[in-house]
Number of protein chains: 2
Amino acid sequence: MLKYQHIADELENYIEEHKLQQGDKLPVLQDLMIQFNVSKSTVTKALELLEKKGVVFQVRGSGIFVRRHKRKGYISLTSSQGFKKTLEDFQITSKVIELDVRKPTKEAAFNLNISLEEDVYYVKRIRFIQGQTLCLEESYFKKSIVTYLNKEIITESIFHYITEGLGLSIGFADTFLHVEKLTAEEAQYLALKEGDPKLDVESIFHLSNGQPFDFSKVTYNYVQSQFFLQAVL
Amino acid sequence: MLKYQHIADELENYIEEHKLQQGDKLPVLQDLMIQFNVSKSTVTKALELLEKKGVVFQVRGSGIFVRRHKRKGYISLTSSQGFKKTLEDFQITSKVIELDVRKPTKEAAFNLNISLEEDVYYVKRIRFIQGQTLCLEESYFKKSIVTYLNKEIITESIFHYITEGLGLSIGFADTFLHVEKLTAEEAQYLALKEGDPKLDVESIFHLSNGQPFDFSKVTYNYVQSQFFLQAVL
DNA sequence: TTGATTAATTGTACCGGTACAATTAATATG
DNA sequence: CATATTAATTGTACCGGTACAATTAATCAA
């Protein structure tokens, strides 16, 4: 494992375990260098990582401080799938509605940058949070990249399978949000009424080499739709 | 100006001017070092910046490539106010509804981490995009930090005034999203109907030293509510 | 020509260092 | 005792360098 990754993990764990609060001070750079026996730039790199993640902020001439917001139960918009990590205290389950290999819709083909003839895995599932319907999800996976999927895999974490099982490296994602009214079909799945608010989240996921491999459309139950993001400006 | 900032700007302009597309290759590190006459780490730092901004992605052993999504008219969730930069082609105007110094609501006090007795500037305004109502905004600025505001300032860019006029440095923000139904009052402002969908965006802005200085609640017209964000995973 | 092997390319990890800006602490000054 | 000045602290910018991993290009073998 990379040194700076390891340091970042250690620091994050430390903050978690000691229940540090916003503004609490961490050891200074010099001390961290000694503690982990690495150079200044390696510690700096670890801290940059944590800064991006919204875990700390640094103030020149002053120190390194914990950044932690007060709200719970929000889904992170910046972590890959959103779940798992940020909502680890909450019970997330899935029910698979459909799974098959097919040709993409025009929309999916456009977003994945493929032809209408190229095969994709189509996945449709509902996700529950604490038993409540959280969202309805449709995904299109480029079959040339995600060569195999089955019900067991997609009931668990697809992304975990892609990275660990297939050995692929996920790079980045473009995410688009829309607010609209629920259609009759969607309302039924989400146990809401037609015309109720909904949040549509469309994401295009890319491998580290830039290839798009997954286009997903997720419709959220507006009651459960609480999202957050931490930006460095 | 910082060297790596300058390089990042230059590269971004180059991409824009030459209308480079997703996947287009930029000069390799070595060439950029020579071109800008700086060390490897400085170029790397510039590229990290652009990577965070979602402008490029790098592939080890291969090169530096342009990252550019195809959709227009989306508001960026990661840039400070969202507007100005990403929607520069669109006409954004503001109408001030209220502006005064007052005591914060319990909610504002909580989010700004201040007492109920500390003064805040309260700003309420409507923002229009191409003449259409885009959003209704309520902001609470800590008066001890943002010492003065007037109608001219808030009709233009408040953040520009805070950085340039007051010489403050904005650090980071926590942003929370909710989807709900419009109240009667909100509906009126936004020229929509009560019960229509809305997107609420609450943000807490902090200075570089970690102090929160602005809590804002923005209610978006769902028709205009198109947001995007580019994440590195 | 195909496939495997090797070599060249290219970005990333990490080191050690100097200079400096912003903050904070210490000291001097009235 | 408040306030201005100076000094110490602490993070950031930037340099130059070595080693190496992932990709791509070139070469060789069958």
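Hydrogens, waters and symmetry mates play no part in the numbers below; they use all other heavy atoms, side chains included. Chain letters run A, B, ... following the sequence lines, proteins first, then strands; residues in each count from 1.
- Taking 4.0 Å as the cut-off between side-chain N and carboxylate O, A/Lys217 and A/Glu138 do not count as a salt-bridged pair.
- Between B/Arg68 and B/Glu16 there is a salt bridge, with a side-chain nitrogen of the basic residue lying less than 4.0 Å from a carboxylate oxygen of the acidic one.
- Note that CD of B/Gln35 is 12.5 Å distant from CD of B/Gln30, once rounded to the nearest 0.5 Å.
- Relative to the side chain of B/Arg60, the nucleotides C/dA21, D/dA21, D/dC14 differ in distance, and D/dA21 lies closest.
- Here B/Asp174 pairs with A/Arg67 in a salt bridge; the nearest charged N to carboxylate O distance falls below 4.0 Å.
- For A/Lys3, counting side-chain heavy atoms from C-beta on, the closest listed nucleotide (C/dT12, C/dC14, D/dC14) is C/dC14.
- Distances from the side chain of A/Ser41 to the nucleotides C/dT12, D/dC15, C/dC15 place C/dC15 closest.
- In this structure, CD1 of B/Ile34 is placed 12 Å from P of D/dG16, rounded to the nearest angstrom.
- Rounded to whole Å, the distance from CZ on A/Phe65 to P on C/dT23 is 11 Å.
- Backbone-only contact: A/Ile64 has heavy atoms under 4.0 Å from sugar-phosphate atoms and none from a base.
- The separation between B/Leu29 atom CG and D/dC15 atom P is 13 Å, rounded to whole Å.
- Between the C1' atom of D/dA21 and the CE atom of A/Met1 lies a distance of 17 Å, rounded to the nearest Å.
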(message) The test is salt bridge (Lys or Arg N to Asp or Glu O under 4.0 Å); show your working for A/Asp119 and A/Lys142 and say whether it passes.
(response) CA-CA 7 Å; A/Asp119 280 339; A/Lys142 227 164 147 171; over 6 Å; no

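- Annotation: of the two residues near DNA chain C, B/Lys25 and B/Asn209, the 5′-most nearest-nucleotide partner is B/Lys25.
- Nucleic acid contact class of B/Leu2 (heavy atoms, under 4.0 Å, all strands): sugar-phosphate only.
- B/Met33 places its CE atom 8 Å from the P atom of D/dG16, with the value rounded to the nearest Å.
- Close to D/dT9, at under 4.0 Å from its OP1 or OP2, lies no side-chain N or O of A/Gln30.
- Taking 4.0 angstrom as the limit, A/Lys45 places a side-chain polar atom (N or O) nearer than this to OP1 or OP2 of C/dA13.
- Of the side-chain N and O atoms in B/Tyr4, one or more sit less than 4.0 angstrom from OP1 or OP2 of D/dA13.
- Between the P atom of D/dG11 and the CD atom of A/Glu51 lies a distance of 12 Å, rounded to the nearest Å.
- Between B/Ser62 and D/dT24 there is a side-chain N or O to OP1 or OP2 distance below 4.0 Å.
- The CD atom of B/Gln58 sits 14 Å away from the C1' atom of D/dA22 (whole-angstrom rounding).
- On a pure distance criterion of 3.5 Å, a polar donor-acceptor pair joins the side chain of B/Lys40 and the base of C/dT12.
- Both A/Val38 and B/Val59 sit near DNA chain C, but only B/Val59 has its closest nucleotide nearer the 5' end.
- The distance between atom CD of A/Glu48 and atom C1' of D/dG11, rounded to the nearest whole Å, is 11 Å.
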